[in-house]
Every structure is written in C-alpha cells, then in structure tokens.
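Accompanying notes for the structure given below.
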Amino acid sequence: MADVPSSGAGVPGRIPPGQRLVHGWPVSHYGPVPRFRPERWNLRVFGATASGDTHEWAFDDLAALPRVTVVADLHCASGPTSTGHEWYGIPAATVLDLIPPAPGVTHVMAWAEYGYSANLRLADFTSPHTLMATHHDGEPLTAEHGFPLRLVVPHLYGYKSPKWLRGIEYMTADRRGFWEERGYHNIADAWRQQRYSYQEADDDGPHGDENGGSPPGSG
Ligand SMILES: Nc1nc2c(c(=O)[nH]1)N[C@H]1C(S)=C(S)[C@@H](COP(=O)(O)O)O[C@H]1N2
Ligand SMILES: [Mo]
C-alpha cells in the first residue's frame with residue numbers, strides 16, 4: 001500500500017537522453033492484442049524456485065496480493081517518452097517474497113502472451129519501482145496497454161515491460177528475451193541509452209548463440 005514516487009532513474013519531467021516527449025500515450029507492441037479469457041488465465045512462477053515446484057495464481061487470486069502506486073514515465077527504445085503514468089498494481093518483489101527462489105537465481109524472464117519475453121536482472125525486477133500493474137490513472141488497463149496484467153520497469157526501456165504478463169521464470173543464468181535476441185540491449189537502462197546489443201559491455205549479457213557463451217579457454 002506504500003506509494004512509491006519515481007526518483008533517481010525516473011525523475012518526473014526529466015527526459016532521458018535521445019528521447020522525445022510525446023503527448024498522450026501511444027500504443028506500441030509486436031503482434032496482435034490477445035483476448036482475455038478469465039477462466040483460462042493464470043500467472044505462473046516457474047523455473048528455479050526453492051521448492052522446485054511451479055506456482056500458479058488464477059486471476060481471482062491476485063486480489064489477495066499487496067498493492068502499490070508508482071508514478072513513472074515510459075520510454076520506448078525507438079524514441080518516444082510518455083510521461084506521468086500512474087500505475088497501480090502488485091510490487092514485483094512480492095513474487096520473490098511469496099515464491100522463494102532457489103539459491104543462485106540471478107535473473108528472471110518475464111513471459112507474456114504469444115511467447116513475448118523480456119529478461120531482467122533480479123535487482124531490476126525487485127526494484128521498488130517495478131510492479132505488475134492492473135490499473136493506470138485509476139482505471140483498469142485497456143486491452144492494448146496490457147489488460148489484465150503488465151509488468152512495468154520504469155528505469156528500463158519499454159521492451160522490458162511486457163504487456164499481457166503470464167509468467168515469471170526464475171533463472172540461474174541470464175538468457176535473452178524477445179527483443180534482446182533481436183539486436184536490442186540486454187540491460188536497456190534508458191538513462192544510459194542502452195538501446196542496442198552492439199553497445200553492450202562484455203558483462204552486460206550472455207554471449208554466443210546459447211546460454212553460456214564460449215567455454216572457458218576457448219579463446
Ligand atoms: N507482450 C508485449 N509487451 C510489450 C511489447 C510487445 O511487443 N509485446 N512491446 C514493448 C514495448 S517495445 C514498449 S515501448 C511498451 C509500450 O507500452 P504501451 O503500448 O503501453 O505504450 O510495451 C512493451 N511491452
Ligand atoms: Mo518500445
């Protein structure tokens with residue numbers, strides 16, 4: 001129930017370098033808008049959980065989870081920034097509190113409908129400004145903005161904020177998500193202009209075509 005004002009990485013009214021302020025709230029995503037079917041919907045927490053089990057919340061189960069309000073801006077990596085979004089929803093860190101990760105979990109993959117995904121460092125996911133939003137400016141999310149649930153990670157470019165969120169995978173090693181596999185930056189810090197994968201430092205992300213990159217000693 002705490003209110004978390006944006007700060008540090010997301011000072012309201014400050015636009016990250018290379019971004020342009022847009023008015024209103026553009027809709028931006030790849031592919032179609034999914035239809036919400038409440039009886040089939042769930043949010044799965046899976047991968048390296050401490051228990052080894054997968055946890056599922058049905059849609060009605062979400063009502064029992066804590067809520068937070070976060071005011072933040074939204075920065076698309078292609079340039080537009082829309083400002084002053086009042087998000088309301090479940091703090092993402094709640095997921096880790098309720099479903100403990102196995103030792104060694106360093107990243108999560110946030111999964112959305114149709115296989116969209118975004119990988120996040122644990123610290124980005126558990127940031128006090130990261131939430132799974134159900135509402136925007138006091139109204140339920142609209143379908144095109146991610147109803148019934150979307151992740152919001154305000155300090156990272158928008159591709160790290162999956163709409164139509166359906167799963168959180170706990171990972172013991174980093175792995176690229178949808179745009180991160182397609183030339184976008186693995187970290188995506190908007191304040192550091194981390195847009196493209198060619199800008200990555202060696203330790204910003206996994207290398208090679210599989211999870212671990214080259215084996216030690218292979219040059
Ligand atoms: N499921 C899904 N979520 C997504 C995307 C997508 O293609 N699919 N695009 C992302 C990108 S690139 C941006 S900038 C934001 C845009 O959010 P908005 O349409 O609410 O402005 O959604 C993000 N979430
Ligand atoms: Mo974007």
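Every number for a ligand or one of its atoms is a count from 1 in the order of the listing.
- Less than 4.0 angstrom separates some heavy atom of Tyr30 from each of these atoms of ligand 1: 6 (C), 7 (O).
- An N or O contact shorter than 3.5 Å is missing between His29 and ligand 1 by distance.
- Close contacts of ligand 1 with Arg150, meaning ligand atoms under 4.0 Å from a residue heavy atom, involve 15 (C), 17 (O), 18 (P), 20 (O), 22 (O).
- Ring planes of His85 and His136: tilted class, angle from 30 to 60°.
- Contact record, Asp204 with Asn186: O-ND2, 2.7 Å, taken as the closest heavy-atom pair.
- Geometrically, ligand 1 and Val27 share no nitrogen or oxygen pair separated by less than 3.5 Å.
- Crowding of Arg37 atom CZ: a count of heavy atoms from other residues, nucleotides or ligands under 6.0 Å exceeding 12.
- Atoms of ligand 1 found under 4.0 Å from any heavy atom of Tyr116, numbered from 1 in the order shown, are 1 (N), 2 (C), 3 (N), 4 (C), 5 (C), 6 (C), 7 (O), 8 (N), 9 (N), 10 (C).
- Between Trp41 and Phe59, the ring planes lie perpendicular to each other; the angle is over 60°, past the 30° to 60° tilted range.
- For atom 21 (O) of ligand 1, the nearest non-hydrogen atom of the protein is Pro26 O, 2.8 Å.
- Scanning the protein heavy atoms around atom 23 (C) of ligand 1, the nearest turns out to be Gly158 O, 3.2 Å.
- Across Trp111 and Gly115, no two heavy atoms sit closer than the pair CZ3-O, 3.7 Å.
- Nearest heavy-atom pair across Asp137 and Gly84 is OD1-O, 4.0 Å.
- Every atom of ligand 1 is numbered from 1 in the order shown, and the set under 4.0 Å from a heavy atom of Cys76 is 14 (S).
- Checking only distances, Trp25 does come within under 3.5 Å of ligand 1, N or O to N or O.
- Contacts of Tyr30 classified as side chain to side chain contact (heavy atoms under 4.5 Å, CB included), with partners at least two apart in sequence or in another chain: Phe178, Trp179.
- For ligand 1, the atoms sitting less than 4.0 Å from at least one non-hydrogen atom of Ala112 are 1 (N), numbered in the order shown with element in parentheses.
- Considering only non-hydrogen protein atoms, atom 19 (O) of ligand 1 sits nearest to Lys163 NZ, 2.5 Å.
- For the pair Ser28 and ligand 1, the shortest N or O to N or O distance falls below 3.5 Å.
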Please tabulate, for side-chain N and O atoms in residues 48-55, each donor-acceptor pair with protein atoms closer than 3.5 Å (sequence neighbours left out).
from, atom 1, to, atom 2, distance (Å)
Thr49, OG1, Gly52, N, 3.0
Thr49, OG1, Asp53, N, 3.2
Thr49, OG1, Asp53, O, 2.7
Ser51, OG, Asp53, N, 3.0
His55, NE2, Trp57, NE1, 3.4

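- For Tyr159, no nitrogen or oxygen atom sits less than 3.5 Å from a nitrogen or oxygen atom of ligand 1, counting backbone and side chain alike.
- At under 3.5 Å, a nitrogen or oxygen of His145, whether backbone or side chain, sits near a nitrogen or oxygen of ligand 1.
- Counting protein heavy atoms only, atom 24 (N) of ligand 1 is closest to Ser161 O, 3.0 Å.
- The contact set between ligand 1 and Leu74, taken as ligand atoms under 4.0 Å from a residue heavy atom, comprises 17 (O), 21 (O).
- With Ile187 as the partner, the side-chain contact (heavy atoms from CB on, under 4.5 Å) test is satisfied by one option alone out of Arg192, Lys160, Arg121, Glu200: Arg121.
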